[in-house]
> 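Following this message is one structure expressed as structure tokens.
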Protein chains: 2
Amino acid sequence: MATIYEVSELAGVSLATVSRVMNNNGKVSQKTRDKVLDAMSKLGYRPNSSAQSLASNRTNSVGVLIPELKGPFFGQLMAGVEEQLRKANKHVIITAGHSEEHSEKDGIEFLLSRNCDAIIVHVEAVSDDYLIELSRGTVPIVIINRYVEAIADKCIYLDNKIGGYLAAKTLLGKGHKNIAYISGPKWKEDSNERIFGHKAALEEAGIEFDEDLLYVGSYVHESGSIGLTELLHKNKKFTALVCSNDEMASGAMSTARKLGYDLPNDLSVIGFDNIIYSSYLFPTLTTINYPVMTMAKMAVDMVLRDVYEHHKLKISNVFSPKLVERNSVASIK
Amino acid sequence: MATIYEVSELAGVSLATVSRVMNNNGKVSQKTRDKVLDAMSKLGYRPNSSAQSLASNRTNSVGVLIPELKGPFFGQLMAGVEEQLRKANKHVIITAGHSEEHSEKDGIEFLLSRNCDAIIVHVEAVSDDYLIELSRGTVPIVIINRYVEAIADKCIYLDNKIGGYLAAKTLLGKGHKNIAYISGPKWKEDSNERIFGHKAALEEAGIEFDEDLLYVGSYVHESGSIGLTELLHKNKKFTALVCSNDEMASGAMSTARKLGYDLPNDLSVIGFDNIIYSSYLFPTLTTINYPVMTMAKMAVDMVLRDVYEHHKLKISNVFSPKLVERNSVASIK
DNA sequence: TTGTAAGCGTTATCAG
DNA sequence: CTGATAACGCTTACAA
């Protein structure tokens, strides 16, 4: 592999000049620039990124930590991050945190040891204090899908309350009064916010939230199935079900069909996230859109602005969810 | 950030010794080792990976190129790669090729410029010759889900013919004789192989493949919908439909339901891949399992063996698909 | 506008 | 078993 030294030799200039044309900084006359470019292509020169990093103290890599690499939601997130970063000629180092404290910390440690210029995390198990502490470190961090007050400017998040509110409103608007709810785990902030919005809408409509009609799941398909089964066991009437995410909605619908329900007439279901396959389900799922790809790109823009000095990038920290109407909600006659 | 120099100073040993304990090579007495370890933790020392790479000519990173970061199939692939690599303390640099020649080459170039120690690719648009050429370069490459004869030992692939055969056999076994087929694009080798296996099974059963009942799709959901619609327009009877992947099967089923078909009684459908949501569909999809995660790990094992000298890792290049029976196939009475 | 030279933080070769 | 010391390939003051 050719080095910068050989390029400088062939072009008849100094190392510094070669470096200048590579990085497009400093003044170089068109003539010498051409000579250098020429030598580079003749030699098939490709800069050694480790050497660049060592000398410049910049790796051009940003670390990404998400709970899982598979799964529809995180797939979108990753795709957004990679696309945006690649455009800027930076690369992504990706790792999974598995929603488990030890594993998340470990992942962050791993990324830091790789000398990332910044890290973008979607963490759930780690405490706010840990994040605050982390953000005091030398490596810039951006937190996606979580709001931590003390470092709000480093957070890119969704207004989950509005989402929960919207979902409930939709059901209410169709005449539903007895609404069951399958929530995400209590220790995840977003599930609490979603249910908060839900309750707000009920209250506005003068309907009391029935704790018996609440099942706390875990955001996975199976927990939607189990949740519906449990709710049904209580022998309390409900005509609609809101699920804190689409995967659980999908699980609940599978079970409902198995039990012979005619959806959505026997039971209306509404989800959250608008993951790719929500429109492939039967019936197609009415849900709340989570603009995760857009948010991922925004997280990258933040890094680009703060670390790589792409000024004039405008950053928004909060995003709003929107209703996506499909066929899983029926009107009460 | 503390450097190796400060560690050596605090421990009262030379740089070389510190390096030795870091890398666990060379002989170091337990006593000095302890002193060094102690100094390291006192200083919160973390080696500079760029410097290590520069000096050792090894980045401990492996590049991964796949068509898309989102999507159920590639999600699994990535998850497998990352998990296995992380265990070995290597990191993944990931990028998308979008099944487009220019973009794939560009992605590979990008990874090479990042000095990856090896690259794992799932490419579709680039030619065999390009891959052969690439494999002659200095960076080891492993090719996943594609068989290139000249470099077969660098390929990890599925026996798609058996898969196609299995799917057809399943339908035949249930008494279907009029079978429609929605295939992937003609330029993707795997779709050709799948259809080849399909035809072999038909032939064995003495049934002729009806070209009219073939629709060439593009492996995405919508193309399953369109495909079924087109097939129906031909007004030829068929009782079963095989789709070259689950996404198209999902699309076809959506459309069938929309048209009022009672699935699987009015139409049996079988897919390929066994992506995560195939069991969430209605009816749950009978399909052919693609052990993509296992294969991804095998690809990693191959680079671990060849590049990082983890000898005694056993490598298998070919994998066999298996039938997963669910509820989308009915018997013909 | 161009060149010189001092790092950047490791690894690895040789001696001892 | 341990220590000097020369690379590794590039960036970046500082000079010219």
Side-chain angles (χ1 to χ4, degrees), chain A residues 1-40 43-61 89 112-117 138-139 308-309, chain B residues 1-40 43-61 89 112-117 138-139 308-309:
Chain A
M1 192 84 275
T3 70
I4 195 176
Y5 185 79
E6 302 171 44
V7 175
S8 80
E9 188 135 288
L10 181 58
V13 300
S14 72
L15 294 191
T17 301
V18 177
S19 176
R20 287 189 190 100
V21 348
M22 280 178 51
N23 299 295
N24 258 310
N25 59 17
K27 299 284 163 211
V28 182
S29 75
Q30 192 55 47
K31 209 169 172 179
T32 42
R33 173 182 307 277
D34 288 344
K35 276 194 302 189
V36 172
L37 258 15
D38 210 56
M40 282 180 171
L43 293 168
Y45 172 70
R46 188 182 281 143
N48 179 316
S49 55
S50 307
Q52 289 180 309
S53 302
L54 182 58
S56 67
N57 199 25
R58 180 153 285 186
T59 58
N60 289 308
S61 70
N89 235 292
L112 293 177
S113 81
R114 247 62 197 185
N115 294 116
C116 297
D117 293 336
T138 53
V139 180
Y308 300 115
E309 286 151 348
Chain B
M1 192 81 280
T3 71
I4 195 176
Y5 186 79
E6 301 171 45
V7 175
S8 81
E9 189 135 287
L10 181 58
V13 300
S14 72
L15 294 190
T17 301
V18 177
S19 177
R20 285 188 192 100
V21 349
M22 280 178 52
N23 300 295
N24 257 310
N25 59 16
K27 299 284 163 209
V28 182
S29 74
Q30 191 56 46
K31 208 168 174 179
T32 42
R33 173 183 308 277
D34 287 346
K35 276 194 301 188
V36 172
L37 258 15
D38 211 56
M40 282 181 170
L43 293 168
Y45 171 70
R46 187 182 283 142
N48 180 315
S49 54
S50 307
Q52 289 180 308
S53 301
L54 182 57
S56 66
N57 198 26
R58 181 153 284 187
T59 58
N60 289 309
S61 71
N89 236 292
L112 292 177
S113 81
R114 248 60 197 186
N115 294 115
C116 297
D117 294 336
T138 53
V139 180
Y308 300 114
E309 287 151 348

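Chain A is the first sequence line, chain B the second, and so forth, proteins listed ahead of strands; every chain is numbered from 1. Since we're looking at a predicted model, the values are computed, not measured.
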> Tell me every residue that passes side chain to side chain donor-acceptor pair (under 3.5 Å) with B:Asp117, counting only those two or more places apart in sequence or in another chain.
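With neighbours one apart ignored, the set is B:Thr59, B:Tyr308.
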> Quickly work out the B:Asp34 CG to D:dC1 P distance and round it to whole Å.
14 Å
> In whole Å, I'd like the distance from the NZ atom of B:Lys35 to the C1' atom of D:dC1.
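Whole-Å distance recorded here is 12 Å.
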> Take nucleotides 2-12 of chain D nucleotide by nucleotide from the 5' end and write B, S or -, depending on whether a protein heavy atom sits under 4.0 Å from the base, only from the sugar-phosphate, or from neither.
BBB---BBBSB
> If the condition is side-chain contact (heavy atoms from CB on, under 4.5 Å), which residues does B:Gln30 pass it with, not counting sequence neighbours?
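By the side-chain contact (heavy atoms from CB on, under 4.5 Å) rule, B:Gln30 matches B:Arg33, B:Asp34.
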> Between B:Ser50 and A:Ser50 (side chain of the first, backbone of the second, donor and acceptor by atom type, cut-off under 3.5 Å), is there such a pair?
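No, the answer is negative, given that no donor and acceptor are paired below the 3.5 Å cut-off.
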> So which heavy atom on B:Gln52 is nearest to which on B:Pro47, and how close?
NE2-CB, 3.6 Å
> Any pair with a residue in residues 2-16 of chain A that passes side chain to side chain donor-acceptor pair (under 3.5 Å), sequence neighbours left out, goes on the list, sorted by first then second residue, please.
A:Ser14-A:Thr17
> If you draw a 6.0 Å radius around CG in B:Asn23, do more than 12 non-hydrogen atoms from other residues or ligands fall strictly inside?
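Yes, enclosed.
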> If you compare all heavy atoms of B:Val139 against all heavy atoms of B:Cys116, which two are closest, and at what distance to 0.1 Å?
CG1-O, 3.8 Å
> Mind grabbing the angle between the end helix axes of the helix from C:dT1-D:dA16 to C:dG16-D:dC1? Five pairs an end, 10° rounding.
30°
> Strictly by salt bridge (Lys or Arg N to Asp or Glu O under 4.0 Å), give each pair with a member in residues 20-29 of chain B just once, sequence neighbours left out.
none
